[in-house]
Amino acid sequence: MDFADSPEEAAFRARLRAWLAENNPKLPQSSTADEYWDGQAPWHRALYDAGFFGLSWPEEIGGHGLPSVYEAIVDEELAQAGAPPRPSLGYLVQGMMRHGGQDVRRRFLPGLVSGRERWCQGFSEPDAGSDLASLRTRAVPRGDEYVITGHKVWTSYSDEADWCLVLARTDPDVPKHRGLSAFAVRMDQPGIEQRPLKMINGVTREFGEVIFDGAVAKASDMVGSPGEGWRLAMTVVSHEREPGELGYVARYSKAVNELVDRLRSAPGRFTEENVRDVAWAVVEAEMLRLHVCRRLSDRLDGISHGPEGSVDKLLMTRVEQAVGHAALGMSNLTGGIEEDTWLKMYLYSRAQSIMGGTSQIQRNLVATRILGLPVA
Amino acid sequence: MDFADSPEEAAFRARLRAWLAENNPKLPQSSTADEYWDGQAPWHRALYDAGFFGLSWPEEIGGHGLPSVYEAIVDEELAQAGAPPRPSLGYLVQGMMRHGGQDVRRRFLPGLVSGRERWCQGFSEPDAGSDLASLRTRAVPRGDEYVITGHKVWTSYSDEADWCLVLARTDPDVPKHRGLSAFAVRMDQPGIEQRPLKMINGVTREFGEVIFDGAVAKASDMVGSPGEGWRLAMTVVSHEREPGELGYVARYSKAVNELVDRLRSAPGRFTEENVRDVAWAVVEAEMLRLHVCRRLSDRLDGISHGPEGSVDKLLMTRVEQAVGHAALGMSNLTGGIEEDTWLKMYLYSRAQSIMGGTSQIQRNLVATRILGLPVA
Amino acid sequence: MDVRLSAEQQALREAAARLVDDHAPGSVAELDDAARTARLEAALTGSGWRELRAPEDEGRPLASAVETAIVAEELGRGPADASFLGPTLATELRRRAGAEPATALETVLLRPDLSGLVVVEDEQTRCSGVAIDARGVASALALVRTGHGYDLVGVPVAGASPGRDLTRPAAMVEGAAPERLPGAGRRLLTAEDIEAWSAFTLALTCADLVGTMRGAVDLAREYASVRRQYGKAIGSFQSVQHMLADAFVSIEGSSSVTRHAAWAADTLPPGEALAAAAVAKAYCARAAREVCETAIQVHGGIGMTWECLAHIHLRRALLSTQVLGDVGANLARVVAHRKIGGVHDGLR
Amino acid sequence: MDVRLSAEQQALREAAARLVDDHAPGSVAELDDAARTARLEAALTGSGWRELRAPEDEGRPLASAVETAIVAEELGRGPADASFLGPTLATELRRRAGAEPATALETVLLRPDLSGLVVVEDEQTRCSGVAIDARGVASALALVRTGHGYDLVGVPVAGASPGRDLTRPAAMVEGAAPERLPGAGRRLLTAEDIEAWSAFTLALTCADLVGTMRGAVDLAREYASVRRQYGKAIGSFQSVQHMLADAFVSIEGSSSVTRHAAWAADTLPPGEALAAAAVAKAYCARAAREVCETAIQVHGGIGMTWECLAHIHLRRALLSTQVLGDVGANLARVVAHRKIGGVHDGLR
């Protein structure tokens, strides 16, 4: 049991730190400005090209095959440097690695990992949120392809994406969880309309709505077998609940460092409540850093994962919302009435208890799958 | 809309204040010491005899027929003087007034109000807590009496009581809510065993368990009609949720005054968290005082009440537990390891979210009866 | 003691509720509907409610703070995107100073963090600050300190822009020259006047918060009743029910403290009125953030979209919270009033 | 980095869990079962776990703080009513001072508010304080300040009585004369030694809190599975499920910070170790109160009775919380370490 770096880890950390000193694009927080999304793709490619992305993924998909704990080192150094976090793609990678066949993995994963091809995730629908399995998007076979019709929302980065991982109903005649399949769908084709989804903090480029009206996917671009869509989706969303997979430790630690700097920059301006809120944000963010060290260490024997992702999602939500509340306290104390970065950070934090499965859903899962309480 | 005293109210307040200056028995908080219960009965009788108890109840039962808001004045003055709160009997009075016939009201209520006869409440059972209607105590008719068999818990003041208002099943063949009736049962008879229920704060005299094994109630001591027990119980428990009926504003305001004194007595000893907790206790207790002014004013046209008692219970619980948390912060800062008054006050506060219907039950009621959300 | 609303007060509430129900935005898109905002503005002007604090005989206000708070609460519930708080606070300042009524809509100039009125040391000093609630407003009042008290001055206001609160745009004022108010017979304001005005202001922000919470919970309750997942209305899930129940309970407590704070503003000595207002504001501001967050949570993903009215309520709550001090600032007022402060900062 | 427990550490946890499962009280009544407590005491003595911090070669402890915390956690889970924390803290002090091992069970003497070790200015000054965790303990260690550091002294302890924590009786010491420890070769403790000892102490209290929380949630989960109301197990109600889920989540977070604090206690410089411990203690103490309160709430009326073990867990948590500072004190340490304090006390 050792939180310290091994010599190899220490050398890696030093290399990364030196690289970051020269290559920090100094983007704003993703939760506060659309400009982040302009810089995100170049940042992904730069981080990848320098050898600092996909560390724990297999070499055949462009990863480095390093122990999982290297991801924790990356997060710490990114936060320390005030650099953007690593791109949050791990859940797509894990879903496609686990469910995609050899061909799908070879064709799609290297581009996804290197940032040369951009992917979005088309799962949620207006009437299928918490109850994802009730989704209505249909994929109907036609020769060696499928024709896709439906309406997706909360489609991450849909404006920039080359591909969308679409969850669609291929068999309407079986129970709802069994009739779903997943497809890699090219975004640059007729029959796809993408429009931005403006969030309450004004950000328009993180999520979109995507209307599929006769879009086409090749049958060979199905990810997993027919009917395997639900299981793939569960793999994806459960990894989407893992801060270690998302790289969010860097996001929160960076935000906390900014809060601390803000307080130090103007002693005497803030109330005890403000200081207290920031102190709790410090404690919460540190908790998550350490918790992710633990989870990533548990992966050293290989990934095995179950409902504990819901625990991590709830912990992550507490952190993000503690940071958000501290940020709200920093907001509008010098600059008048306009929205500021701190306010946007707060507003965005409210999403964390909703996206990737609401906190209510996560608690249901913890209660029944981990604590073994009877299903209602 | 006026929070100020009318001339009559002001004169009453002055009279009460003068009386309290001479007649404050200076009992400990009921939540912290069994000694309180030694002093409670004399205090009840003294308060009654001086004309300061039962102010808003009808004169025929020993009340004063004054406007309901006089109760708020009593609470304020008791708290100000550091005197014990008025006895919490209003819910029994309301239940018996509303459901008891003329004979029952005339025979029992004057003694209850004056404190000459002591009453306890036998509703809950070990297997019937939140689900009170499932209770198993049976009352079987035998001539002009009923024979009662069953096991009651959380029977308030059962060690001192002359009478118990017992809720028992008189008809096992109808749906569970319809087969219940209420009885006034004398406690000094064979077939009743009373034992104290020791609470987590060490207090043993607030509640007891009562075993009825062939105890007898006269048929004429039934309160309400056969089968009216559930409706009577609902009247009682809903008034039991009302801080204005319980006189708890005095309890909390007195405790808050003691917390404030404690902080002032040792500046520099406490952390910011301690001060903050006390400040919130101040705010919460003041909220309840004002809220009760509003509720008692609403009664000036006569009592009509519905599910808003659940709102008040939840507000009252927040107050008691905020006071409890502040008290916990005052605990054990000078006196070593032993239990102290502050700790006991905290421990007792945990009961407020359970007794009289758990907070979970109250929220169900607010959601479905007030907000009109669909029953699950 | 009888803290029920009088029949006239109830009628006022109903009239304000009607105005709001007729003209407040029913969606985020309607915030940009100029015809609707013009109708709302005309209706509010026609109501005369912005003049509730104008002086009647002997300088007393036309209506009490309780009535003013009733209107503020309903406008908050709307949410009504027409200026009321700012003009009312300006009128109250003029009344206290015995100044002539303003000739055009006017607001107040607050410090950049909204914690209080801008006060300058002399008439040569330029004023900077935030003119809150500045829709349709031409000028804002600030204070100049003199040897014997505070004199009212006006600064021109232009270009209110939607900020954090999309229903009540504000205007930044940067280095404006203060202008002496026209007319004679004005008196200087004392520190007690400012304290009383602060208590009144806090009480109105509490009323606005109560209304905002009601609007947010109404919205969430309606959504929970129609939105279905897993084959049933989400409002039938106990977790959703309990969130909304807690929100409703918070509104009821807030409503009780606000009623008292409004009463106290016209009745108690300024120091006591301010203490009552601080209790109310700490309570309401804490409640409002939680309640509006709950309203968003109940909406799920929809609640995170710009198009959902839930964040409009939250944003309004954040602005009202900040005016004359948020939770922390008002809790500090409570600590000072009860004399329980003065602790050391470190370990005990 | 590999923060998994080693195979040996896992085996230690299992052994400690077995001891607890075999001998810890299964009910409140069993707290008074002298035969059982004697068996627990014998088993704990037999395990040698009270000597984990005794010196090995070069004065290093036999086992790391991580192993010590593993045992502390399991004893907390029990809850084990045998002294461990006090003797371990005393042994750690002796080890750091290079003192001979104690000849009988020994604990530490804390200030009355438990915020730290008793320190007296010279050997003539009598010591007063609380000897924590004093079951079966004969003496307690305190400090005497000298010109060059702190020297260990002992005071006799008698009459431990059950107090707020019924599993770990403490003894009040009033005006006891400090006694120099026998034996030579001892060195004076530095301020850094005290800081490191404090970090170690906080880490152990965190471990105890984590165990206590686990015990409380186990109890509540079991009750929720068997207690039926309205014809079903109360654990099938979403509100009960969510309370317990939140409690479990808090335990997991607490567990992660505690693991790091224990590691840091032996590894990082004292100031950093103390900062890590303060983060952990603030987190765990806040969590523990909530979690134990939840355990009581889930039990309903039963949870309010003396006979229900739920309050035994809560009481234990309250004591562990207080040792070397509660939430507020440790949050203040975080504020000081991150240099974000020094704000003024009033309004901004």
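Every value quoted in this text rests on a predicted model; they were computed, and no experiment measured them. Both backbone and side-chain heavy atoms feed into the values below; hydrogens, waters and symmetry mates do not. Proteins come first, then strands; the chains are lettered A, B, ... in the order of their sequence lines, and each starts at number 1.
Interface residue A/Ala128: only backbone heavy atoms are found under 4.5 Å from chain C. Using a 4.5 Å cut-off between heavy atoms, C/Leu314 touches chain A through its side chain atoms alone. Within the 4.5 angstrom heavy-atom criterion, only side-chain atoms of C/Leu318, from C-beta onward, approach chain A. No part of A/Met355 comes within reach of chain C, as not one of its non-hydrogen atoms sits under 4.5 angstrom from that chain. Looking at A/Tyr346, only its side chain comes within 4.5 Å of chain C, counting heavy atoms on both sides. Heavy atoms closer than 4.5 Å to chain C are found in both the backbone and the side chain of A/Asp127. For C/Leu110, no part lies near chain A; criterion is any non-hydrogen pair under 4.5 Å. Only the side chain of C/Ser239 comes within less than 4.5 Å of a heavy atom in chain A; its backbone stays farther off.
With hydrogens and angles ignored, the 3.5 Å screen pairs no side-chain donor or acceptor of A/Asp131 with any backbone N or O of C/Gln229. Judged by distance alone, the side chain of C/Tyr230 and the main-chain N or O of A/Ser130 form a donor-acceptor pair under 3.5 Å.
Per-residue heavy-atom pair counts under 4.5 Å with chain C were compared for A/Glu273, A/Arg350, A/Arg363, and the maximum is reached by A/Arg350. Here C/Arg289 is the residue among C/Arg289, C/Glu307, C/Gln238, C/Arg228 with the most heavy-atom pairs under 4.5 Å with chain A.
Using a 4.5 Å heavy-atom threshold, the side chains of A/Ile354 and C/Ile296 count as touching. C/Met304 places none of its side-chain heavy atoms less than 4.5 Å from the side chain of A/Leu347. Using a 4.5 Å cut-off on side-chain heavy atoms (C-beta onward), C/Thr305 and A/Val153 make no contact. In this structure, the side chains of A/Lys344 and C/Arg164 stay at 4.5 Å or more apart for every pair of heavy atoms.
With values rounded to the nearest 0.5 angstrom, A/Met199 atom CE is found 12.5 Å from C/Cys308 atom SG. With values rounded to the nearest 0.5 angstrom, C/Trp306 atom CH2 is found 9.0 Å from A/Ile200 atom CD1. Put simply, CD1 on A/Ile361 and CZ on C/Phe237 are 7.5 Å apart, with the number rounded to the nearest 0.5 Å. Rounding to the nearest 0.5 Å places CG of C/Asp113 at 11.0 Å from OG of A/Ser331. If you take CD on A/Glu272 and CG on C/Leu331, they are separated by 9.0 Å, rounding to the nearest 0.5 Å. Between A/Leu328 atom CG and C/Thr321 atom OG1 the span is 8.5 Å, to the nearest 0.5 Å.
A 6.0 Å sphere centred on CZ of A/Arg136 holds no more than 12 heavy atoms belonging to other residues, nucleotides or ligands. In A/Arg138, the CZ atom is not crowded: 12 or fewer heavy atoms of neighbouring residues, nucleotides or ligands sit closer than 6.0 Å.
C/Gln297 and A/Gln360 form a side-chain donor-acceptor contact under 3.5 Å, judged by distance and modelled atom types alone.
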